[in-house]
Amino acid sequence: MKRDTVISIAKGIAIILMVVAHAEAPGWLCKFIFEFHMPLFFITAGYFFSLKYLNDEATFVKKRVKGLYWPFVKWSVFFLIIHNWMFDIGILNERFGNETGGVTHPYNWHQIQQNLWHIFTAMGGYDQFLCGAFWFFRGLFVASILYLIIYKVVLKVLPQKSASAAPYIICIVLLLLCGWKTYEGLKIITLVQGGYRDLMGCFFFGCGFIFRQFVTQYRQMISKYYSSVWTTILFGVIVFLFSKYLTANMNWRSTFTQFLSLPIPALLGFLMTYNISMWLDKYEGRVKQFLVYTGDNTLNIFIFHIVAYKVVSLIKIWYYGLDIRQIGCHMVIHEYSQQDLFWILYTIAGVGIPLGCTWFSEKAKARIKERKASSGIQAQ
């Protein structure tokens with residue numbers, strides 16, 4: 001059976017857009033991207049949720065731990081270990097930091113221990129300047145498990161004949177909770193950053209599951225109407241108008257107004273990306289292969305794109321004759337960022353370096369495996 005690669009392409013497009021936005025592309029483009037690129041990852045994760053896990057919770061949780069919690073812990077601990085060393089070699093410093101002027105500092109022994117505990121117990125405590133996108137691991141981990149729990153609870157309450165309405169009821173409940181939370185400025189104190197991203201992530205996760213049912217049932221109608229060029233353009237225009245007049249994103253400090261502004265452009269942005277992915281999926285070639293491979297390796301780009309930016313920062317420092325300590329800027333060098341085209345180089349490095357390292361790693365592992373197999377045959 002041929003593999004359906006549309007979602008992989010959509011994830012590939014989304015992760016590239018994330019790298020573009022983090023590279024401080026032109027303001028209008030960043031605002032447009034922020035409207036939907038993170039919700040898209042939650043939607044695509046929910047797309048693959050299966051009802052079989054309602055009776056096999058252990059398998060689902062094990063997959064989430066292996067695919068999200070463990071990579072988060074492993075790489076958070078790694079960057080925690082090298083944090084102070086980054087100051088020693090000049091990658092981080094206390095002079096240059098983020099756009100608002102915030103900087104990071106070396107950790108003392110107590111802070112290292114506290115961050116270590118935070119990493120394991122709350123999926124927090126990660127290095128903000130080297131691992132700025134790591135909140136997604138916690139967000140998706142919590143959102144997916146929370147969705148499973150809520151689904152089981154709703155099925156217990158609903159009459160059996162109304163079970164098909166459960167996904168819609170869950171999404172409505174989650175929206176109401178997020179509205180209540182943002183309107184009153186409430187926080188879930190057991191979740192890092194207060195839980196807004198996790199709850200909204202759960203909502204979008206549920207939307208992905210609903211969309212999968214819709215696609216399965218109405219695939220032909222989607223191909224004919226919802227993926228038409230004009231429909232896709234309309235989706236894009238609406239997202240752009242939201243980004244211009246009602247800007248919102250999955251910021252953990254979102255206001256009630258920003259909460260109200262998020263679902264429509266987020267969902268339409270996903271549909272726009274999905275439609276584009278359907279078109280690209282029809283044409284075999286390098287572009288499709290690249291996007292599928294990118295979509296299949298989004299976690300590596302999440303983890304390493306900020307570090308990969310440093311290569312381009314060195315080039316920008318040389319080009320403009322800047323203070324070498326500006327390599328410590330988070331996420332990229334802010335000077336001239338809205339005047340030059342270095343965001344394109346940042347994007348190429350942010351996607352290309354992690355993917356290149358992944359590809360070489362896979363090839364090396366395959367060769368080692370072949371040699372071991374060959375040695376085993378010769379020994380026999």
Quiz item: Taking the six-membered ring for Trp, is the centroid-to-centroid distance between Tyr69 and Phe137 below 6.0 Å?
Solution: no
Practice problem: Show the numbers, then the answer: is there a side-chain contact (heavy atoms from CB on, under 4.5 Å) between Leu146 and Phe205? | Solution: CA-CA 10 Å; Leu146 181 61; Phe205 187 94; over 6 Å; no
Self-check item: Flag, side chain of Asp127 to backbone of Leu130, donor-acceptor distance under 3.5 Å
Solution: yes
Self-check item: Inter-residue atom distance Cys357.SG - Asn300.CG, 0.5 Å rounding
Solution: 9.0 Å
Quiz prompt | Residues Thr5 and Asp281: side-chain donor-acceptor under 3.5 angstrom | solution = yes
Quiz item: Strictly under 6.0 Å, is that where the ring centroids of Tyr168 and Phe209 end up?
Solution: no
Self-check item: Check: Phe36 ring centre within less than 6.0 Å of Phe270 ring centre
Solution: no
Quiz item: What's the verdict on side-chain contact (heavy atoms from CB on, under 4.5 Å) for Met38 and Phe136, showing C-alpha distance, side-chain angles and the deciding distance?
Solution: CA-CA 8 Å; Met38 291 313 299; Phe136 172 75; 3.5 Å; yes
Quiz prompt | Spacing of Ser162 atom OG and Leu155 atom CG [to the nearest 0.5 Å] | solution = 11.0 Å
Quiz item: Relative to the ring of Phe129, is the ring of His330 parallel (under 30°), tilted (30 to 60°) or perpendicular (over 60°)?
Solution: parallel
Self-check item: Spacing of Ile327 atom CD1 and Met86 atom CE [to the nearest 0.5 Å]
Solution: 9.5 Å
Quiz item: Can you check whether Tyr183 and Phe259 have ring centres sitting under 6.0 Å from each other?
Solution: no
Quiz prompt | Pairwise side-chain contact, Met250 with Pro39, heavy-atom cut-off 4.5 Å (strictly under) | solution = yes
Exercise. Verify the distance criterion only: is there a donor paired with an acceptor across the side chains of His334 and Glu24 at less than 3.5 Å?
Key: yes
Quiz item: For Phe96, does its backbone N or O pair with a side-chain atom of Asn93 as donor and acceptor, under 3.5 Å?
Solution: yes
Quiz item: Do Asp56 and Thr59 have side-chain atoms, one donor and one acceptor, less than 3.5 Å apart?
Solution: yes
Exercise. Apply salt bridge (Lys or Arg N to Asp or Glu O under 4.0 Å) to the pair Glu335 and Lys316, showing each step before the final yes or no.
Key: CA-CA 10 Å; Glu335 204 164 345; Lys316 187 168 183 176; over 6 Å; no
Quiz item: About how many Å separate CG of Leu191 and CE of Met123, when rounded to the nearest 0.5 Å?
Solution: 11.0 Å
Self-check item: Ring centers of Trp75, Phe304 separated by less than 6.0 Å
Solution: yes
Quiz prompt | Minimum heavy-atom distance Gly139-Asp198, with the two atoms named | solution = CA-OD2, 3.6 Å
Quiz item: Which word best sums up how the rings of Phe72 and Tyr126 line up, parallel for under 30°, tilted for 30 to 60°, or perpendicular for over 60°?
Solution: perpendicular
Quiz item: Within the distance-only criterion (no hydrogens, no angle test), does the side chain of His305 pair as donor or acceptor with the backbone N or O of Ile301 below 3.5 angstrom?
Solution: yes
Exercise. Classify the side-chain pair Gln193/Arg138 by whether it contains a donor and acceptor separated by less than 3.5 Å.
Key: yes
Self-check item: Residues Glu284, Lys288: salt bridge by 4.0 Å N-O rule
Solution: yes
Exercise. Could you check whether the rings of Phe49 and Tyr147 sit parallel, tilted or perpendicular, using 30° and 60° as the cut-offs?
Key: perpendicular
Self-check item: Near-ring test Tyr274/Phe211, centroid separation under 6.0 angstrom
Solution: yes
Practice problem: May I ask you to establish whether Arg212 and Phe214 are in a cation-pi arrangement, using a distance under 6.0 Å from NZ or CZ to the six-membered ring centre and at most 45° from the ring axis? | Solution: no
Self-check item: Point-to-point distance, once rounded to the nearest 0.5 Å, from OG1 of Thr247 to CG of Leu262
Solution: 11.5 Å
Quiz item: Just how far is it from atom CD1 of Ile33 to atom CG of Leu17, taken to the nearest 0.5 Å?
Solution: 4.5 Å
Exercise. Kindly say whether the aromatic ring centers of His37 and Phe34 come within a distance under 6.0 Å.
Key: yes
Quiz item: Counting only N and O atoms by type, is there a donor-acceptor contact under 3.5 Å from the side chain of Gln111 to the main-chain atoms of Asn108?
Solution: yes
Quiz item: Would you say the side-chain atoms of Glu57 pair up with the backbone N or O of Tyr53, donor to acceptor, closer than 3.5 Å?
Solution: no
